[in-house]
**Student:** 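Structure provided below as structure tokens; questions to follow.
Not measured: the values here are computed from a predicted model.
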Amino acid sequence: MNELVYFVNNNGTMKISQDEPDGVVTVHTFHGFRDYSETRDDLKIPPGNMVMLMNYYKFVKENDIQNDFINPNGKNYE
């Protein structure tokens with residue numbers, strides 16, 4: 001299993017994992033730094049949607065499009 005772990009706001013932890021290439025991506029959000037307890041609120045992202053999310057992020061950043069989540073200070077509006 002491949003994992004990315006981030007410490008996020010409110011002392012939380014986010015773990016993004018994938019069991020196999022081109023498999024579902026699972027996002028676990030925990031409520032404390034280094035707290036990796038299981039949760040039933042895991043987010044499952046299909047591989048095709050994950051690719052679209054990355055392409056969307058790249059598009060917004062490269063074109064400096066204003067987006068409240070990705071690029072709040074962007075100069076262009078779409």
**Student:** Could you note down all residue pairs passing side chain to side chain donor-acceptor pair (under 3.5 Å) where residues 17-27 supplies at least one of them, sequence neighbours left out?
**Tutor:**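 For residues 17-27, and leaving out neighbouring residues, the side chain to side chain donor-acceptor pair (under 3.5 Å) pairs sorted by first residue read Thr26-Lys44.
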
**Student:** Does anything in residues 2-14 pair up under salt bridge (charged side-chain N to carboxylate O under 4.0 Å, His left out), and if so which pairs, sequence neighbours excluded?
**Tutor:**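 Sorted result for residues 2-14: Glu3-Lys15.
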
**Student:** Treat each ILVMFWY residue as a node, draw an edge where side-chain heavy atoms are under 4.5 Å apart, and state whether Leu53 and Val51 are in one component.
**Tutor:**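 Unlinked, Leu53 and Val51 end up in two clusters.
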
**Student:** With rounding to the nearest 0.5 Å, note down the distance linking CD1 in Ile70 to CD1 in Ile65.
**Tutor:**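 CD1 of Ile65 is found 9.5 Å from CD1 of Ile70.
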
**Student:** Hydrophobic clustering (ILVMFWY, side-chain heavy atoms < 4.5 Å, transitive) - are Tyr6 and Leu43 grouped together?
**Tutor:** yes

**Student:** Count I, L, V, M, F, W, Y as connected when their side-chain heavy atoms are under 4.5 Å apart, and connections chain through other members. Are Met50 and Leu4 then in the same cluster?
**Tutor:** yes

**Student:** Just jot down the side chain to side chain contact (heavy atoms under 4.5 Å, CB included) partners of Asp64, sequence neighbours excluded, or say none.
**Tutor:** Asn71, Lys75, Asn76

**Student:** Are Met54 and Ile16 linked, directly or through other ILVMFWY residues, by side chains that come within less than 4.5 angstrom of each other?
**Tutor:** yes

**Student:** Listed by chain and number, what are the side chain to side chain contact (heavy atoms under 4.5 Å, CB included) partners of Lys58, not counting sequence neighbours?
**Tutor:** Glu62

**Student:** Which pairs pass side chain to side chain donor-acceptor pair (under 3.5 Å) with one or both residues in residues 46-56, sequence neighbours excluded?
**Tutor:** Tyr56-Asn67

**Student:** Do Thr29 and Thr13 have side-chain heavy atoms sitting under 4.5 Å apart?
**Tutor:**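 A side-chain contact under 4.5 Å is absent here.
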
**Student:** Show the numbers, then the answer: is there a side-chain contact (heavy atoms from CB on, under 4.5 Å) between Val24 and Ile45?
**Tutor:** CA-CA 6 Å; Val24 171; Ile45 304 174; 5.8 Å; no

